[in-house]
Amino acid sequence: MAEDGLGSSDNLHGGRSLMRRDLLAVAGATALSPIAARATRSATPGISPLAATRQVEANGLSIGYVELGPPEGKPVLLIHGWPYDINSFAEVAPLLAASGHRVIVMHVRGFGTTRFLSADTSRNAQQAMLATDVIALMDALRIKKATLGGFDWGARSACIVAALWPERCTGLVSVSGYLIGNQKAGQTPLPPKAELSWWYQFYFATERGRAGYAANRRAFNEQIWRLASPLWQFDAATYDRSAASFDNPDHVEIVIHNYRWRLGLADSASELQALENRLAGSPVITVPTITMEGDANGAPHPEPSAYRAKFTGVYEHRLIRGGIGHNLPQEAPRDFAEALQTIALRG
């Protein structure tokens, strides 16, 4: 993908130069060296440092999460997308913890060890529901305010929290920018090339797609990994660590509902309609933000110029080069961690 006028070398809204000054001012008091230095962009083979999960009840769920770093550190909450899991942050989280942050990495509903508390609860995965899971987790862990970082579904949830509850968000790092949507926009036809990139969304809209995903979710998701990150040479062990999260008993229902809801083919929760109405207005995000994009992202994503106006606070966009795809935190962990550190230091 060609770099546009919002590339990584630009100073947007005073963002890069201002944030770099903040980093230099506090560098003596913060362990920045593990993050600031560039390193090989690849996942480390072996046992994930995020293997030991905890559970907490929130929003009708038993949410699985991992916590690293000192409990008194500035909180950073990391949110994965589909079809990924907490291991996308397997290198990011320890880097931030080593710098003194309290790092929380959550299993999104339908993934990993997160479970519904009642069999009668609707397996709803609309955007407002996923965002309220984040707020509920913060409440359960008594976190008043946190720096949020995410990609794919996780970036959307992080953007929603930053937009609707800025008092709970110190700052934001969002891969692929502003991802808040609405059902009406999701029903508007796109040009043929763009429609083709959403092939799996239309597959999931059919009962054949539901059955096919249920029967082949591991192979299906590995194919998505390769399409979304065409230059990422991940090994079988790396994929298998994350693929275990797709064995969650609610995984298929959550994924299907998420994509069908976007097309208006699945019901919304009535109690969330007021939030969805606000999101349909594309609210601006006022908290300090860094948006990021990989130069080889094979998944559907907007151009940075399309969302620049949605961020009205201190803002910067970073294009990460070197064949980085959709799973940016796992493919370029030090770049992602450094962006979070930059934002967190402003809080």
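Computation of the quantities below employed the complete heavy-atom set of this structure, encompassing side-chain atoms and omitting hydrogens, waters and symmetry-equivalent molecules. Sequence positions, counted from 1, serve as the residue numbers for this chain. Just so it is clear, the structure is predicted and the values come from calculations on it, not from any experiment.
- Take R115 and apply the side chain to side chain contact (heavy atoms under 4.5 Å, CB included) test, not counting sequence neighbours, and it matches N248, P249.
- Annotation: H107 is not in aromatic contact with Y65 [ring centroid separation under 6.0 Å not met].
- Without hydrogens or angle criteria, E293 side chain to L319 main chain gives no donor-acceptor distance under 3.5 Å.
- Using a distance-only test at 3.5 Å, with no hydrogens or angles considered, no donor-acceptor pair links the side chain of R217 to the main chain of A215.
- Separation of the Y259 and W82 ring centroids falls under the 6.0 Å cut-off.
- Of the possible polar contacts, none joining the E91 side chain to the Q330 backbone as a donor-acceptor pair under 3.5 Å is found.
- F220 and W199 have their aromatic ring centers within a separation under 6.0 angstrom.
- Separating the CG atom in N87 from the OH atom in Y239 is a distance of 12.5 Å, to the nearest 0.5 Å.
- Atom CZ of R109 sits about 11.0 Å away from atom CG of N258, to the nearest 0.5 Å.
- L148 and L279 end up in the same hydrophobic cluster when Ile, Leu, Val, Met, Phe, Trp and Tyr side chains are linked at under 4.5 Å.
- We find the CZ-CZ distance between F89 and F151 to be 5.5 Å, quoted to the nearest 0.5 Å.
- For the atom pair CD of Q187 and CG of L263, the computed distance is 7.5 Å after rounding to the nearest 0.5 Å.
- Listed here is the closest heavy atom pair of A162 and I285: CB-CG2, 3.9 Å.
- A salt bridge links R260 to E207: one of the charged nitrogens lies within less than 4.0 Å of a carboxylate oxygen.
- Distance alone, capped at 3.5 Å, is enough to place a donor-acceptor pair between the D295 side chain and the G322 backbone.
- The NZ atom of K74 sits 7.5 Å away from atom OG1 of T170, with the distance rounded to the nearest 0.5 Å.
- The nearest pair of heavy atoms linking N59 to A136 is CB-CB, 3.6 Å.
- Salt bridge status for E338 with R318: present, with a side-chain N to carboxylate O gap under 4.0 Å.
- A salt bridge links E253 to R210: one of the charged nitrogens lies within less than 4.0 Å of a carboxylate oxygen.
- Residues D139 and K144 are not paired through a salt bridge, judged by the lack of any N-O separation under 4.0 Å between the basic side chain and the carboxylate.
- Minimum heavy-atom separation, N124 to I254: O-CD1, 3.8 Å.
- Counting all heavy atoms, side chain and backbone alike, I143 lies closest to I104 at CD1-CG1, 3.9 Å.
- A centroid separation of 6.0 Å or more is found between the aromatic rings of F204 and H257.
- Under a 3.5 Å cut-off, the side chain of N216 and the backbone N or O of A219 do not form any donor-acceptor pair.
- Annotation: the span from C159 atom SG to Y307 atom OH amounts to 9.5 Å, rounded to 0.5 Å.
- Counting only distance, with no hydrogens or angles, the side chain of E57 and the backbone of S62 share no donor-acceptor pair below 3.5 Å.
- The environment of CG in D267 is sparse: at most 12 heavy-atom neighbours from other residues, nucleotides or ligands sit within 6.0 Å.
- For the side chain to side chain donor-acceptor pair (under 3.5 Å) test with D152, the passing option among H80, H301, H326 is H326; the others fail.
- For S229 (side chain) and R226 (main-chain N/O), no donor-acceptor pair under 3.5 Å exists by modelled atom type.
- Aromatic ring centres of W153 and Y84: separated by at least 6.0 Å.
- Scanning both residues, V66 and A52, for their nearest heavy atoms gives CG2-O, 3.7 Å.
- Note on R102 versus E72: no salt bridge recorded, every NZ/NE/NH1/NH2 to OD/OE distance being 4.0 Å or above.
- E222 and R218 are not joined by a salt bridge, as no carboxylate oxygen comes within less than 4.0 angstrom of a charged side-chain nitrogen.
- Taking both residues in full, the closest heavy atoms of A344 and T147 are given as CA-OG1, 3.5 Å, listed atom of the first, atom of the second, then distance.
- Looking only at side-chain heavy atoms (C-beta outward), Y315 and P288 stay at 4.5 Å or farther from each other.
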